[in-house]
Amino acid sequence: MMAVGYNAWLVLLSIALAVLDAYVAFSVVGRIAHSRGPAALLWTAFGALAMGSGVWAMHFIGMLALQVAIPLGYDARDTALSGVPVMLATGATLWLLARHTNHARIVLAGSLLGLGIAAMHYMGVRAMEMRPQIGWHAGWQAASLLLAVAGSTAAIGLHRLILCGARRHRWWRRIGSALLLGGTAAGVHYLGMAAVRFPPGAVSLAAEHGLRGLGLALAVSLVSGLLLLLTLGVSLAYRQLQRRTEAMARELGQARDALTWLAYHDELTALPNRANVLDLLGRLLPTAASERFEVAVMFVDLDGFKSINDTLGHEVGDEFLRSVADALRASVRTRDTVARFGGDEFVVVLERFRSEANLVAICRKILALVSRPVQVAGHNVMATPSIGVAMFPRDGSDAASLLRHADLAMYSAKEQGKAGYCFYQPRMSATARDRLVLSAELREALQRGELQVYYQPKVELASRRIVGLEALVRWSHPTRGLLLPKSFVPLAEGSGLAGRLGEVVLQRVVAQLAQWRARGVPLVPVAVNVSLQEIQDGHFVDGLLRTLRDSGLEHGLIEFEITESAAMRNAEHTLRQLRQLEALGFRMAIDDFGTGFSSLSHLRQLPTQSIKIDQSFVQGAAHNPADRDITEAIIALARKLRLSTVAEGIETEAQAAWLREAGCEIGQGFLFVPPLPPERVPALLLAESLQAATL
Ligand code: C2E
Ligand code: MG
Ligand code: MG
């Protein structure tokens, strides 16, 4: 048997190549796994080519490293062909591993690769064309075959584990499995070579015409190494690209999620929005119908929220709305839905509540929690809620009608004095229709001059002299007759017509006074009622001065009555406007005093000359001692503040006598004169001094 040796440098070179090859192989597996369709196929082919040729190059350099006593060569065709089985095996292995892996697949891939490497090895040895034929040592042969299969399988298995495991140290473990696989490939080759037995006197026929030499080994290593590095480079670049694409896809996904969220939520409070509630009810109501449970929809609107926004600014308004959202959420169970429909409108959807009493309790809780004052940017802000409730199936069979009816019920709660709740009743629908028609008619009535002003004298209780008039608006409706303010003033306020209505009344009053003066009628101050909306509209004072400009009337002839609740709401802003009016010489009275919630300190700041005691106290005093006490207290308070008091709604002599005794100076009521059309007023004003004694 011929002695065998190896060129150590070439052996090392072949092992290094094998390890690099394995490392690149694992990288390519990742690319195939993350690609679809043609890209995956292309990566498999590319990988098989690069890896197969790498293993082949390792093997060939290993062969060139072989040193025996005789010259060796390698038949070019056979050597090239020996690369085929390993390329096929690599391709199959890559494809198998890139898809789903399980134990069977790993063993199959390992076996294929092992067999491919072994086949290449034996074909490569044949390329030496030894004569006589070389012999094989069965033990080493078996060992190399076993190593080929077991080593490949183990390396692949290890690599799988890495992919499934934690990200930490992944890089090192990848190098480890590359070392294992590369080492296996090299080991198979050198074990296989150990099995080769060169018979004495044998010659390599290929030494004449075949491939040989150190230069060739280096050239093959260089080409193969470059090819592998190129593959690795492309693979890494491709991975980078894939990651960027994935990141973009993820960002797109997140953007889409955010958009969907926005479409179904209110941005300010993060509560569900109208679309969300419609969606929810669309799903919930059919279930409620089939499982026979009830669903309640509550419409919650804040009273006077607009003035918070107008006077304190939108940021304070927004913050306040967020606190309202919290209060609402705290008022209901977690499974109930609190939504914001925009502005100061919130909707609560409750399912499977126990009873109507249960709903009443929830309404009360909402009232209590939402009405609490909150500190926002140093301001003490509060607004009460008005709540309307509609129930499924009683008040509506679909989302739209339930919401509409809850809304109507909410309006009804507002009409009944706000800060309360109302359950829907069918008559509300009729009322709402009525209101709609009337508000459309009012708009036209304002243009057509259907509004009139009546006048009611204010009388000095001691002398019964007429000391002033109050202008009270009337609407002579073409079909409904003469309408009183309560049936259309709130409507005007609700539909943005308050300003126009105020303007019309003021113009009428001014024209009337000018006309009376021209006729020589002695004039007394005339009180005009103004709504909060008019005062808050920034153009009130300008409009007033414009109306008065050509009339030649002194400002002191006009008094403004503003209700107590209006004067107290939105205090700062209102106060500024009222001060401006005072500075211009107009008089001011607080109307319906006793019904609002005045703070005394605020009352003191108001530039007012008189207080009008609400008629409910005057009329209640006869049978209700509390009303009597309150009235007397108001009169005493007014005195202390040096304000004159006017008692409204005096209907009997007894009332007049008691009020006068209590210290009230002026009265107004049916006892003296009811509100009269303008043509009947001059006679009173002219006769006033004459009748002073007889009245
Ligand atoms: P107010 O300013 O408190 O007016 C007094 C109301 O009491 C008037 O009702 C008057 O007719 C009524 N009244 C007078 N004496 C008696 C009496 O002895 N007994 C009873 N039961 N009632 C008496 P009216 O004219 O229906 O006006 C109601 C409210 O409408 C007014 O209350 C005022 O707040 C508002 N209003 C009237 N005119 C205008 C207006 O031009 N603009 C605005 N914004 N509001 C107005
Ligand atoms: Mg009044
Ligand atoms: Mg009044």
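As the structure lists them, so they are numbered: ligands from 1, and atoms in each ligand from 1.
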* Sequence neighbours excluded, which residues qualify as ring-ring contact (aromatic ring centres under 6.0 Å, His included) partners of Tyr424? -> His405
* Would Asp303 and Lys418 pass as an ion pair if we require N to O under 4.0 Å? -> no
* Structure fact -> Here the atoms of ligand 1 under 4.0 Å from any heavy atom belonging to Pro675 are 11 (O)
* So, is Glu648 placed with an N/O/S atom under 2.8 Å from the Mg ion (ligand 2), counting both backbone and side chain? -> no
* Asked: Do any N/O atoms on Gln615 end up under 3.5 angstrom from N/O atoms on ligand 1?
  -> yes
* Structure fact -> Atom name of the N, O or S atom of Asp591 nearest to the Mg ion (ligand 2) is OD2
* Could you pull out the atom name of the N/O/S atom in Glu561 that is nearest the Mg ion (ligand 2)? => OE1
* Is the Mg ion (ligand 2) less than 2.8 Å from at least one N/O/S atom of Asn529? -> yes
* **Glu564/Lys612 salt bridge by N-O under 4.0 Å criterion** => no
* Looking only at distances, please establish whether an N/O atom of ligand 1 is found under 3.5 Å from an N/O atom of Thr563. => no
* With a cut-off of 4.0 Å, which atoms of ligand 1 are near a heavy atom of Gln619? -> 19 (N), 20 (C), 21 (N)
* Counting heavy atoms only, name the option from Val673, Val453, Asn529, Leu451 that's nearest to atom 43 (C) of ligand 1. => Asn529
* Hey, could you give me the OG/CD distance between Ser439 and Glu444, rounded to the nearest 0.5 Å? => 10.5 Å
* Heavy-atom contacts with Glu651 under 4.0 Å: which atoms of ligand 1 show up? List them by number with element. => 17 (C), 18 (O), 19 (N), 20 (C), 21 (N)
* Please determine if the Mg ion (ligand 2) has an N/O/S atom from Glu470 lying under 2.8 Å away. => yes
* Structure fact -> Here the atoms of ligand 1 under 4.0 Å from any heavy atom belonging to Gly649 are 16 (C), 17 (C), 18 (O), 19 (N)
* **SB check Arg579 Glu582 (cutoff 4.0 Å)** => no
* To do: Take every heavy atom of Arg474, measure it against each atom of ligand 1, and state whether any distance is under 4.0 Å.
  => yes
* To do: Specify side chain, backbone, both or neither for Val505, according to which of its non-hydrogen atoms lie closer than 4.0 Å to ligand 1.
  => side chain
* **Heavy-atom side-chain contact between Thr652 and Gln655 under 4.5 Å** => yes
* Structure fact -> Nearest non-hydrogen contact to atom 3 (O) of ligand 1 from the set Glu561, Lys486, Glu648 belongs to Glu648
* To do: Before signing off on this row, confirm whether Glu493 and ligand 1 have an N or O atom pair separated by under 3.5 Å.
  => no
* Asked: Below 4.5 Å, heavy atoms only, C-beta onward: do Leu484 and Trp475 meet side chain to side chain?
  -> no
* Structure fact -> Within the 4.0 Å heavy-atom cut-off, what Val473 brings close to ligand 1 is both
* To do: Return the option from Ala527, Pro485, Pro674, Ala647 holding the heavy atom at the smallest distance from atom 29 (C) of ligand 1.
  => Pro485
* Does a side-chain N-to-carboxylate-O contact under 4.0 Å join Arg404 and Asp407? -> no
* Asked: Does any N/O atom on Leu501 come nearer than 3.5 Å to any N/O atom on ligand 1?
  -> no
* Give the contacting part of Ile650 toward ligand 1: side chain, backbone, both or neither, where contact means a heavy-atom distance below 4.0 Å. => backbone
* To do: Measure the shortest side-chain to side-chain distance between Lys458 and Glu648 over non-hydrogen atoms and say whether it is less than 4.5 angstrom.
  => no
* Which distance, rounded to the nearest 0.5 Å, do you find between the CE of Met588 and the OG1 of Thr608? -> 7.0 Å
* Asked: Is Glu661 atom CD crowded by more than 12 heavy atoms from other residues, nucleotides or ligands, each under 6.0 Å away?
  -> no
Show me, pair by pair, the donor-acceptor contacts under 3.5 angstrom made by side chains of residues 619-627, not counting sequence neighbours?
| from | atom 1 | to | atom 2 | distance (Å) |
| --- | --- | --- | --- | --- |
| Gln619 | NE2 | Gly649 | O | 2.9 |
| Gln619 | NE2 | Glu651 | OE2 | 3.4 |
| Asn624 | OD1 | Ala626 | N | 3.1 |

* Asked: Are Phe540 and Val530 close enough that some pair of their side-chain heavy atoms sits under 4.5 Å apart?
  -> yes
* Of all the atoms in ligand 1, which lie at a distance below 4.0 Å from a heavy atom belonging to Asp592? -> 3 (O)
